[in-house]
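Chain letters run A, B, ... following the sequence lines, proteins first and then strands; every chain starts at 1. Computed from a predicted model, the values in this text were never measured in an experiment.
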Amino acid sequence: MDLSLLNDRQREAVKTTEGPLLVLAGAGSGKTRVLTHRIAYLIQENGVAPWNILALTFTNKAAGEMRERVGNLLGAGVNDMWVMTFHSCCARILRSEIEQLGYERTFVIYDDADQQSLLKKIIRDLNLNDKIFTPRDLSGKISEAKNQSLDALSYLRDGYAQKEVVAVFQAYQRQLKQCNALDFDDLLLFVLQLFERFPEVLEKYRKKFHYILVDEYQDTNLVQYHIVHKLASLHRNICVVGDDDQSIYGWRGADIRNILEFEKDFPGASVIRLEQNYRSTEVILNAANIVISNNRSRKKKELWTQQKGGEPIDVYEAMDERDEANRIANRILEGARYGDRRYDDYAILYRTHVQSRVIEMYLQSYDIPYRVYGGLSFFQRAEVKDIVAYLRLLQNSADDVAFLRIINVPRRGIGDSSVDALQAFASARTQPLLHAIMQLQDGDIAKAAREKFSAFAEMLSDVYMQFGVKSFPDVVEYLLGVIGYDAYLQADRKENYEARADIVKEFVGYIREFTEAMDETKVDVLSAFLENVALFSATDQMDDQNGRVSMMTLHSAKGLEFPVVFLCGLEDGLFPSMQSAYDPEKLEEERRLCYVGITRARQKLYLSHAKQRMLYGKITPAMPSRFLTELEEALPESSKPAPKPTQLKTAPPQQAFGISMHALKTGTQQSAIRHEASKPEMKPVEHDVSYTPGQRVRHKAFGEGTVLAVNGGGASSIVEIAFDNGANKKFAAAFAPIEVL
DNA sequence: ATCGATAGAGTTTTT
DNA sequence: CTCTATCGAT
């Protein structure tokens with residue numbers, strides 16, 4: 001096994017195969033390389049069988065990449081190795097074990113939209129006030145309960161949840177079971193329950209997995225933590241890789257303590273830090289370090305790089321979101337048409353999906369090819385969801401959510417009243433809707449409706465028969481023909497017909513591709529396909545050299561890298577988001593998100609914010625993000641004493657720290673002052689102290705130094721510090737992250 | 001039962 | 001602004 005391309009730390013992480021190991025891998029420090037080499041090393045040097053290895057990731061893309069790279073290293077098949085996402089892994093285990101929990105193996109996975117519509121129905125059934133109890137709100141609470149606790153019900157009760165919430169939770173769980181469906185959280189939770197209630201099942205899997213690897217460990221939630229813990233309890237060869245500075249899924253239940261307390265959870269664990277960054281220039285890394293140094297709760301890490309210097313970071317203050325988009329488009333044009341950049345060198349990152357629209361418009365107007373990841377994805381298109389709903393009903397006849405979606409799509413003259421009648425009939429017998437149709441007798445519901453329902457059921461059963469004789473894609477084509485989907489699309493809305501028909505065509509093509517890539521008829525294609533659809537994620541569709549500019553949210557960008565990155569919409573209220581402004585923990589998570597964004601860039605980073613932005617049809621003024629302010633604090637010129645706006649505007653671009661100020665903020669300092677003034681409690685106490693010359697201090701980014709002079713007084717006082725590393729810097733005393741020693 | 005118009009509400013991030 | 005839910009007309 002050739003480990004010569006690895007540095008010492010990386011090599012150590014590869015070779016420390018026995019016992020628990022925590023690899024703290026900073027951004028761009030080669031963690032994927034370590035993971036892949038480690039797996040290859042286990043197999044080739046230690047003679048470990050591939051089927052004794054479990055590698056867990058968060059996205060299919062990461063899993064696929066890992067599998068491919070290990071394959072390249074070994075030059076051999078790695079088919080028996082479990083390299084997959086947490087959710088796929090759990091789905092796979094449940095596919096063979098779930099009957100013990102009283103579900104059928106044909107269970108389907110409910111995505112967010114399914115969950116919402118089920119909850120909507122429950123809210124109606126329970127006669128709750130839908131102004132107070134919204135599906136969104138409730139699904140959040142339910143998910144939180146399932147993530148935070150092994151016993152979600154008592155979590156809700158002990159947490160003083162409203163009795164309605166508890167009632168909805170119970171109804172929801174009951175209905176899921178009746179539909180033979182699991183939501184995302186159940187996928188994980190049920191595996192854990194399985195392990196707890198049936199020790200022999202746990203025994204089977206923990207015997208199987210001699211070596212376990214977990215990527216992005218900082219993003220695991222409590223349930224995932226327990227699953228990993230149990231699986232690793234026999235062999236104890238567990239290697240987790242993560243970076244607490246990149247923990248950005250706290251809102252989804254990820255618990256940063258999992259990584260912070262790994263050494264406590266696995267006594268005798270080795271810890272290896274990867275701190276050399278191979279991705280970014282010094283300029284970019286510096287900016288990242290400065291931003292993240294404003295966070296208090298973190299493991300101390302110092303990322304460094306050999307790539308000294310680098311292109312300056314470009315900060316742009318746009319008039320509005322169109323100006324911002326226009327400039328981004330222009331920069332890309334410059335680089336791609338007249339420079340030596342390719343379109344796929346570029347990524348445009350933003351906090352929220354809504355920001356993508358304007359940017360798309362401008363890219364289109366300049367004929368710049370791009371691709372938006374996430375957002376309204378292919379699988380969320382109505383046409384695709386319709387077809388998927390049919391397939392789900394074929395796979396699992398109890399899937400009421402799917403049933404309700406398509407019972408009248410295309411129109412077959414079955415209206416709300418008929419459906420209501422059927423629902424009443426079915427729920428009286430606690431039966432799934434499709435099953436209930438078979439039980440209908442004369443007089444149960446209107447005769448005309450009954451006939452239509454029966455025809456529907458017969459049609460489905462006819463399609464189902466085709467599975468025996470036709471290939472999966474052909475069954476789908478057959479289905480589309482039988483229900484007259486194309487005619488429906490034509491009749492429904494003429495203007496959109498072509499686009500919608502294309503979606504259907506594309507989807508059928510996707511089904512063909514998927515089927516061909518499958519392992520013969522080894523597994524159930526339909527069930528594998530539906531699982532793939534349900535667990536598909538935003539970045540899974542990514543291909544590296546697609547000749548297009550990539551656009552995505554900061555969350556989706558984690559784990560990726562690009563030569564040039566635009567980080568846009570750096571405005572307070574947008575990024576960091578409004579709802580995190582007054583919560584220090586949330587704010588730190590936003591800051592980590594900013595850190596993730598900056599560290600995606602290899603060579604050039606563009607930052608931008610708009611002075612005003614159109615938001616839900618209203619023009620809203622916006623101040624620069626505090627993260628921009630934090631970056632500027634490290635700059636000599638922004639620390640000039642209480643500057644008049646005009647002075648600032650004419651100041652020359654300053655590149656000492658690699659940040660050229662194309663538009664020197666008149667608003668930036670003011671915004672900082674406004675924020676501090678309106679929320680004084682946000683300001684760390686030590687910032688109020690007045691500094692005196694000769695004092696020893698520590699700056700979060702520059703280290704220790706001595707105070708040279710203090711100019712001015714009060715909020716606008718400027719402190720000049722000679723740092724031990726030789727640098728002399730000035731700071732606005734009120735805002736700089738300085739502590740007195 | 002279906003269609004169209006109009007009012008209303010809501011947006012952070014996602015496996 | 002855009003998606004959705006609801007209501008009234010056919």
**OP:** Report yes or no: do A:Tyr510 and A:Asn532 form a side-chain donor-acceptor pair below 3.5 Å?
**Re:**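 Present: a donor and an acceptor within the cut-off.
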Would the distance check show the side chain of [X] and the main-chain N or O of [Y] forming a donor-acceptor pair, the cut-off being under 3.5 Å?
{"X": "A:Glu561", "Y": "A:Gly28", "answer": "no"}
{"X": "A:Thr620", "Y": "A:Arg613", "answer": "yes"}
{"X": "A:Asp323", "Y": "A:Met319", "answer": "yes"}

Original post:
Could A:Asp320 and A:Lys611 be called an ion pair, given the rule that one side-chain N must be under 4.0 Å from one carboxylate O?
Top reply: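 No, A:Asp320 and A:Lys611 are not salt-bridged.
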Original post:
Can you check whether A:Tyr390 and A:Phe403 have ring centres sitting under 6.0 Å from each other?
Top reply: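 No: the rings miss the under 6.0 Å criterion.
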Original post:
Under 4.0 angstrom, heavy atoms only, what part of the nucleic acid is A:Lys120 near: base, sugar-phosphate, or nothing?
Top reply: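 Answer is sugar-phosphate: A:Lys120 comes under 4.0 Å of backbone atoms only.
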Original post:
Which is true for A:Ser88 with a 4.0 Å heavy-atom rule: it touches a base, it touches only sugar-phosphate, or it touches nothing?
Top reply: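 No contact at all - A:Ser88 keeps every heavy atom at 4.0 Å or more from the nucleic acid.
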Original post:
How does protein reach along nucleotides 10-15 of chain B, written 5' to 3' as B (base within reach of a heavy atom under 4.0 Å), S (only sugar-phosphate), or - (no contact)?
Top reply: -BBBBB
**OP:** Quote, to the nearest angstrom, the C1' distance that separates C:dA5 from B:dT12.
**Re:**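 Result for the C1' pair: 24 Å, nearest Å.
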**OP:** Return the value, rounded to whole Å, for the distance between atom CG of A:Asp416 and atom C1' of C:dC7.
**Re:**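 Spelled out: CG on A:Asp416 to C1' on C:dC7 is 13 Å.
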